[in-house]
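Since we're looking at a predicted model, the values are computed, not measured. In each ligand, atom 1 is the first atom listed, and ligand 1 is the first ligand listed.
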Amino acid sequence: MKIIIANWKMNLGLADSLALAQKLVTFSKTLQQSQLVICPSFTAIALINNEIAQSSIKLGAQDCCEHDVGAYTGDVSAKMLAELGCKFVILGHSERRSIHQETSIQVSHKAAMALKYGITPIICVGESTLERNAGQAFAVVKSQLEQSLPKDVSGVIIAYEPIWAIGTGVVPALEQIEEMHLFIKESLLNLQNNGCILFEIAPKIVYGGSVNSNNCKDILKMQAVNGLLVGGASLVYDEFCKILV
Ligand code: PGA
């Protein structure tokens, strides 16, 4: 079963979030091949949790704090997200890494915190255009993996999101996606063999970056791709349904 994660980012107010979630709940009854996860804004989480309660849809958030509790104005803890029904959390998205200067080490602490409260971290990695053009894509992703992962990565999801593909309409060639997914898989095994991480169930690896109804089937067909992280296209009901089927 492939996992399809909707990253709504800082879009949709309460009314629009609820309307989209309601339609997706109805649509989700037809889903057999995929697990749908919705990651709305923090303010819509409680409402959406209520709406999807009787459906197969799972709830996720877009970030959490690396600390457990305390004087962290504006932050939201993993425990608070768990209380609201979140089962997943996107961590280390390139927008957080670049706009909020989040480091990989911070991401690893956030992931450990999420796991502590039973939330599956979706840890994002990916290179910039400059890095790819300089032939450093694999080195960058390897280093992000080495630093962004918590010790126990059983059940964790890794999202490969090349920065140059996010919101640009530019998608890597299928061979490039497959190659990087296989590289991530191999890197995880190396990290496990070196004792840096441990896992009984290998992390799933999903692809994100300008996924739409035209390119999703070919990407999902690849065995190395366990699912998709969808931004813009997940905000448009008709378009997103075509990705889900
Ligand atoms: P996009 O965003 O699908 O709009 O490119 C993906 C993401 O940022 O997770």
Should we count CG of Asp75 as having more than 12 external heavy atoms under 6.0 Å? yes

Margin query: So for atom NZ, which belongs to Lys2, do other residues, nucleotides or ligands contribute more than 12 heavy atoms lying within a distance under 6.0 Å?
Written below: yes

Q. Can you say whether the rings of Tyr72 and His67 are parallel (under 30°), tilted (30 to 60°) or perpendicular (over 60°)?
A. parallel

The protein heavy atom nearest to atom 4 (O) of ligand 1 is Gly232 N, 2.8 Å

message = Is Gly167 close enough to touch ligand 1? Criterion: a residue heavy atom under 4.0 Å from a ligand atom.
response = yes

Quick note on ligand 1: atoms under 4.0 Å from a heavy atom of His93 include exactly 7 (C), 8 (O), 9 (O)

Original post:
Do Thr103 and Arg97 pass the side chain to side chain donor-acceptor pair (under 3.5 Å) test, and can you show the C-alpha distance, the side-chain angles, and the key distance before you say yes or no?
Top reply: CA-CA 6 Å; Thr103 64; Arg97 289 179 188 264; over 6 Å; no

Here the atoms of ligand 1 under 4.0 Å from any heavy atom belonging to Leu229 are 9 (O)

Taking atom types as modelled, find out whether Glu127 and Tyr160 have a side-chain donor-acceptor pair closer than 3.5 angstrom. yes

- request: State whether the shortest distance between N or O atoms of Gly209 and N or O atoms of ligand 1 falls below 3.5 angstrom.
  value: no

**Request:** Look only at interatomic distance and state if Gly231 has a nitrogen or oxygen under 3.5 Å from any nitrogen or oxygen of ligand 1.
**Result:** yes

Going by the 4.0 angstrom heavy-atom rule, the piece of Asn7 near ligand 1 is side chain

Point to revise | Other residues, nucleotides, ligands: >12 heavy atoms within 6.0 Å of Met222 CE | key: yes

Checklist entry - Does Lys9 reach ligand 1 with a nitrogen or oxygen that is under 3.5 Å from one of the ligand's nitrogen or oxygen atoms? => result yes

message: Under 3.5 Å, is there a donor on one side chain and an acceptor on the other for Glu161 and His93?
response: yes

### Query
If we only count N/O pairs under 3.5 Å, is Ile166 in contact with ligand 1?
no

Nearest non-hydrogen protein atom to atom 9 (O) of ligand 1, with distance, is Glu161 OE2, 2.7 Å

